[in-house]
Chemist: 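The structure follows.
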Amino acid sequence: MRIARFTTGDEPRYAIVQQEGDRTFLAVLTGDPLYMPTTPTGERLELGDGVRLLAPVIPRSKVVAVGKNYADHAAEMGGDVPSSPLLFFKPNTAVCGPDDPIVLPDFSQEVSYEAELALVVGRVTKDVSPERALDHILGYTVANDVTARDAQRTDGQWARAKGFDSSCPLGPWIETELDAEDVAVRSRVNGEPRQDGRTRDLVFDIPFLVSYISEAFTLLPGDVILTGTPAGVGLIDHGDRVECEVEGIGVLSNPVVRRDPSL
Ligand SMILES: CC(=O)CC(=O)C(=O)O
């Protein structure tokens, strides 16, 4: 099942995604399926004019991300893989949705895309074992861990480099039935292929990550975990369009803009 968050211009609502050929329909749900039981309202809308997807979740609490979790990416960044998961946070104000602009921060001249598989937590999770970890995951979506490389180098801490507004595009929806053990994680910039990895190459696999993270932080429903990016990262600039894709979920596409300095 695919759960989307969308707007027709007013308050965000949730829906089940129904694909019919190249047409996408949304079967609207009552309430918010991340936090309460929901039922179909009977309303069905077609994605397109006036019906727009939003980030499938705005975490109320946190986005936890994992750095250097593919050996080929750790190598291209000039380092080894860490001996235990390298965790960092992105604030929920970094989250944006499909087609929302990635706004290049004025403090950086070196902004990079990073396609990633993202997990959406479905239950309060503390000290879960790797064996039970997947029971706590509601579903999967696609993330772009947008990173200001220059600030990452100079700041030491990654808060500014990876936490600025619009540095966490998520979408296009939450897929609840994915077997995420071995799916492709890809990116393209202006249609040109850049990353092409597979989750079987994660240094720390998904059950271990959820367990490890839940030892340190209580995970809450709607929290998002970014699992790391494969090799092939590179810079983006004003006017580019970045597509991140996870096999079995879909494509998350965002334009890149630099803020108008006169604003
Ligand atoms: C060096 C990095 O940017 C690490 C990171 O975020 C990753 O996904 O790996």
Chemist: So do the side chains of L29 and I16 get within less than 4.5 Å of each other, counting heavy atoms only?
Modeler: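 With C-beta onward as the side chain, the pair touches.
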Chemist: Distance-only, no hydrogens or angles: does the E247 side chain make a donor-acceptor pair with backbone N or O of A184 under 3.5 Å?
Modeler: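 Yes; judged by distance alone, with no hydrogens or angles, the pair exists.
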Chemist: Is there a side-chain contact between V111 and V146 in this structure, where contact means two heavy atoms from C-beta onward sitting under 4.5 Å apart?
Modeler: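 The answer is yes; the side chains approach within 4.5 Å.
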Chemist: Side chains of S214 and D127 only: does a donor on one sit below 3.5 Å from an acceptor on the other?
Modeler: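 No pair is found: no donor N or O on one side chain lies under 3.5 Å from an acceptor on the other.
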Chemist: Give the minimum heavy-atom separation between P56 and L34, together with the two atoms involved.
Modeler: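 Reported closest heavy-atom pair: O-CD1, 4.4 Å.
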Chemist: Please check if any side-chain donor atom of R44 sits under 3.5 Å from a side-chain acceptor atom of Q18, or the reverse.
Modeler: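 Yes - a donor-acceptor pair under 3.5 Å links their side chains.
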Chemist: Following the transitive rule for hydrophobic clusters with a side-chain heavy-atom cut-off under 4.5 Å over Ile, Leu, Val, Met, Phe, Trp and Tyr, establish whether L86 and F204 coincide in one cluster.
Modeler: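 No, it is not one cluster - the side chains of L86 and F204 are not joined through contacts under 4.5 Å.
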Chemist: Does the side chain of Y14 come within less than 4.5 Å of I3's, by heavy atoms?
Modeler: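 Yes. Closest side-chain heavy atoms under 4.5 Å.
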Chemist: As an exercise, state the distance from CG of L119 to OG1 of T141, rounded to the nearest 0.5 Å.
Modeler: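 Output value for this atom pair is 10.5 Å.
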Chemist: Answer with yes or no whether the hydrophobic clustering places V120 together with I213; edges join I, L, V, M, F, W, Y residues whose side-chain heavy atoms lie under 4.5 Å apart.
Modeler: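 No, separate clusters.
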Chemist: Give a yes or no answer on whether the side chain of N254 reaches the backbone of P169 with a donor-acceptor pair at less than 3.5 Å.
Modeler: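 Checked: no pair found.
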Chemist: State whether D135 and R132 are salt-bridged, where the test is any N-O pair (Lys NZ or Arg NE/NH1/NH2 against Asp/Glu carboxylate O) under 4.0 Å.
Modeler: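 R132 and D135: salt-bridged.
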Chemist: Quick check against the 3.5 Å criterion: does Y212 have a side-chain atom that pairs as donor or acceptor with the backbone of P130?
Modeler: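 Here the side-chain-to-backbone pair does not exist.
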Chemist: State the CG-OG1 distance between L235 and T147, to the nearest 0.5 angstrom.
Modeler: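 The distance works out to 11.0 Å.
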Chemist: Tell me if a side-chain donor or acceptor on N190 pairs with a main-chain N or O of D240 at a distance below 3.5 Å.
Modeler: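 Absent.
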Chemist: Counting N and O atoms only, with roles assigned by atom type, does the side chain of T176 sit under 3.5 Å from a partner on the main chain of M1, one being a donor and the other an acceptor?
Modeler: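 At least one qualifying donor-acceptor pair exists.
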Chemist: How far apart are the C-alpha atoms of D196 and R188, what are their side-chain angles, what is the distance that settles it, and do they pass the salt bridge (Lys or Arg N to Asp or Glu O under 4.0 Å) test?
Modeler: CA-CA 9 Å; D196 191 3; R188 294 177 286 279; over 6 Å; no
Chemist: Is R23 salt-bridged to E46, cutoff N-O under 4.0 Å?
Modeler: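 Between E46 and R23 there is a salt bridge, with a charged N closer than 4.0 Å to a carboxylate O.
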Chemist: Do L209 and V246 belong to the same hydrophobic cluster, where Ile, Leu, Val, Met, Phe, Trp and Tyr are linked whenever their side-chain heavy atoms lie under 4.5 Å apart, directly or via other members?
Modeler: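 L209 and V246: one cluster.
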Chemist: For the atom pair CG (L117) and CD (E245), what is the distance rounded to the nearest 0.5 Å?
Modeler: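 Separation between the atoms: 12.5 Å.
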Chemist: State plainly whether the residues K126 and E215 are in salt-bridge range, i.e. N to O under 4.0 Å.
Modeler: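 Not counted as a salt bridge, because no side-chain N and carboxylate O are separated by less than 4.0 Å.
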Chemist: Taking S112 for the side chain and G234 for the main chain, is one N or O donor matched with an acceptor at less than 3.5 Å?
Modeler: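 Indeed, once roles are kept as given, a pair shorter than 3.5 Å links the two residues.
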Chemist: Are R52 and F6 in a cation-pi setup, meaning NZ or CZ lies under 6.0 angstrom from the ring centre and within 45 degrees of the ring axis?
Modeler: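 Because its charged atom misses either the 6.0 Å distance or the 45° angle limit, R52 does not stack over F6.
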Chemist: Show the nearest heavy-atom pair for residues P98 and L252, with the distance to one decimal.
Modeler: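 Heavy atoms of P98 and L252 come nearest at CA-CD1, 3.9 Å.
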Chemist: Can you tell me how far OG1 of T229 sits from CG of D72, rounded to the nearest 0.5 angstrom?
Modeler: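 Reported value, rounded in 0.5 Å steps: 9.0 Å.
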Chemist: Donor-acceptor pair, S166 side chain versus V103 backbone, under 3.5 Å?
Modeler: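 Yes; at least one donor-acceptor contact below 3.5 Å.
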Chemist: Same cluster or not: V183 versus L202, using hydrophobic residues (I, L, V, M, F, W, Y) connected whenever any side-chain heavy atoms lie under 4.5 Å apart?
Modeler: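 Hydrophobic grouping puts V183 with L202.
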Chemist: Going by the side-chain contact (heavy atoms from CB on, under 4.5 Å) test, name the single residue among S253, C244, S167, C168 that passes it with N144.
Modeler: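 Of the listed residues S253, C244, S167, C168, the side-chain contact (heavy atoms from CB on, under 4.5 Å) partner of N144 is C244.
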Chemist: Looking only at heavy atoms, what is the nearest atom pair of V224 and A118, with distance?
Modeler: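 Shortest heavy-atom separation between V224 and A118 comes out as CG1-CB, 4.0 Å.
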Chemist: Any side-chain heavy-atom pair from V242 and V256 closer than 4.5 angstrom?
Modeler: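 Sidechains of V256 and V242: in contact.
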Chemist: Would you say L219 and V124 make side-chain contact, with heavy atoms under 4.5 Å?
Modeler: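 No, too far: nothing below the 4.5 Å cut-off.
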Chemist: Pair V257, I102 - check side-chain contact (heavy atoms from CB on, under 4.5 Å), show working.
Modeler: CA-CA 6 Å; V257 301; I102 295 167; over 6 Å; no
Chemist: Taking side chain as C-beta onward, heavy atoms only, is L226 less than 4.5 Å from V64?
Modeler: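 Of all side-chain heavy-atom pairs linking V64 with L226, none is under 4.5 Å.
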Chemist: Given side-chain contact (heavy atoms from CB on, under 4.5 Å), test L170 with V142 step by step and report yes or no.
Modeler: CA-CA 6 Å; L170 295 176; V142 185; over 6 Å; no
Chemist: Please report the interatomic distance OG(S108) to CD(Q152), rounded to the nearest 0.5 Å.
Modeler: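 So the OG of S108 and the CD of Q152 are separated by 10.0 Å.
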Chemist: For L220 and R60, what are the C-alpha separation, side-chain angles and deciding distance, and is it a side-chain contact (heavy atoms from CB on, under 4.5 Å)?
Modeler: CA-CA 8 Å; L220 299 179; R60 290 183 186 171; over 6 Å; no
Chemist: Identify the heavy atoms of S187 and Y113 that sit nearest to each other, and give their distance.
Modeler: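 Smallest heavy-atom distance, with atoms named: OG-CE1, 3.5 Å.
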Chemist: Taking 4.0 angstrom as the limit, do D165 and R259 come out as a salt bridge?
Modeler: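 Between R259 and D165 there is no salt bridge, as every charged N stays at least 4.0 Å from the carboxylate O atoms.
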Chemist: Taking the basic N atoms (NZ, or NE/NH1/NH2) and the acidic carboxylate oxygens, is any pair closer than 4.0 Å for E192 and R194?
Modeler: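 Between R194 and E192 there is a salt bridge, with a charged N closer than 4.0 Å to a carboxylate O.
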Chemist: Quick one: do the T7 and R13 side chains pair a donor with an acceptor below 3.5 Å?
Modeler: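 On atom types as modelled, these side chains do not qualify, holding no pair under 3.5 Å.
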Chemist: Would you call the rings of F217 and F89 parallel, tilted or perpendicular, taking 30° and 60° as the class edges?
Modeler: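 Tilted, since the angle between the ring planes falls between 30° and 60°.
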Chemist: In sequence, state the C-alpha distance, the side-chain angles, and the governing distance for T227 and T199, and then conclude on side-chain contact (heavy atoms from CB on, under 4.5 Å).
Modeler: CA-CA 9 Å; T227 56; T199 54; 5.6 Å; no
Chemist: I'd like to check L45 versus T8 (side-chain heavy atoms, cut-off strictly below 4.5 Å). Are they in contact?
Modeler: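 Touching, per the 4.5 Å side-chain cut-off.
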Chemist: Please determine if D145 and K90 form a salt bridge, counting it only when a charged side-chain N lies under 4.0 Å from a carboxylate O.
Modeler: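 The answer is yes: the pair qualifies as a salt bridge.
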Chemist: Between H73 (side chain only) and K68 (backbone N and O only), is there a donor and an acceptor less than 3.5 Å apart?
Modeler: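 Between the backbone of K68 and the side chain of H73 there is no qualifying donor-acceptor contact (under 3.5 Å).
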Chemist: Working to the nearest 0.5 angstrom, can you tell me the gap between W173 CH2 and L26 CG?
Modeler: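 Going from the CH2 atom of W173 to the CG atom of L26 covers 8.5 Å.
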Chemist: Do NZ/NE/NH1/NH2 and the carboxylate oxygens of E114 and R149 come within less than 4.0 Å?
Modeler: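 Yes, this pair counts.
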Chemist: So does D49 have more than 12 non-hydrogen atoms from other groups sitting under 6.0 Å from CG?
Modeler: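 Atom CG in D49 is not crowded, with 12 or fewer foreign heavy atoms closer than 6.0 Å.
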Chemist: To check you understand the geometry: which heavy-atom pair defines the closest contact between A151 and F107, and what is its length?
Modeler: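 So the two residues come closest at CB-CE1, 4.0 Å.
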Chemist: Between Q157 (side chain only) and A159 (backbone N and O only), is there a donor and an acceptor less than 3.5 Å apart?
Modeler: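 Flag not set: sc Q157 to bb A159 has no pair under 3.5 Å.
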Chemist: So which heavy atom on A4 is nearest to which on V17, and how close?
Modeler: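 Looking at all heavy atoms of both residues, the closest pair is CB-CG2, 3.6 Å.
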Chemist: Charged N to carboxylate O below 4.0 Å: is that the case for R186 and E243?
Modeler: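 Looking at R186 and E243, the cut-off is not met.
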Chemist: Is I225 linked to V95 within one hydrophobic cluster, defined over Ile, Leu, Val, Met, Phe, Trp and Tyr using a side-chain heavy-atom separation of less than 4.5 Å?
Modeler: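 No, no single cluster joins them.
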Chemist: Is E177 salt-bridged to R2, going by a charged N under 4.0 Å from an acidic O?
Modeler: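 No salt bridge links E177 with R2.
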Chemist: Using atom types as modelled and distance alone, determine if a side-chain donor or acceptor of D205 lies under 3.5 Å from a backbone N or O of F208.
Modeler: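 Checked: pair present.
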Chemist: Would you call V121 and K62 a side-chain contact if the rule is heavy atoms closer than 4.5 Å?
Modeler: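 No - every pair of side-chain heavy atoms lies 4.5 Å or more apart.
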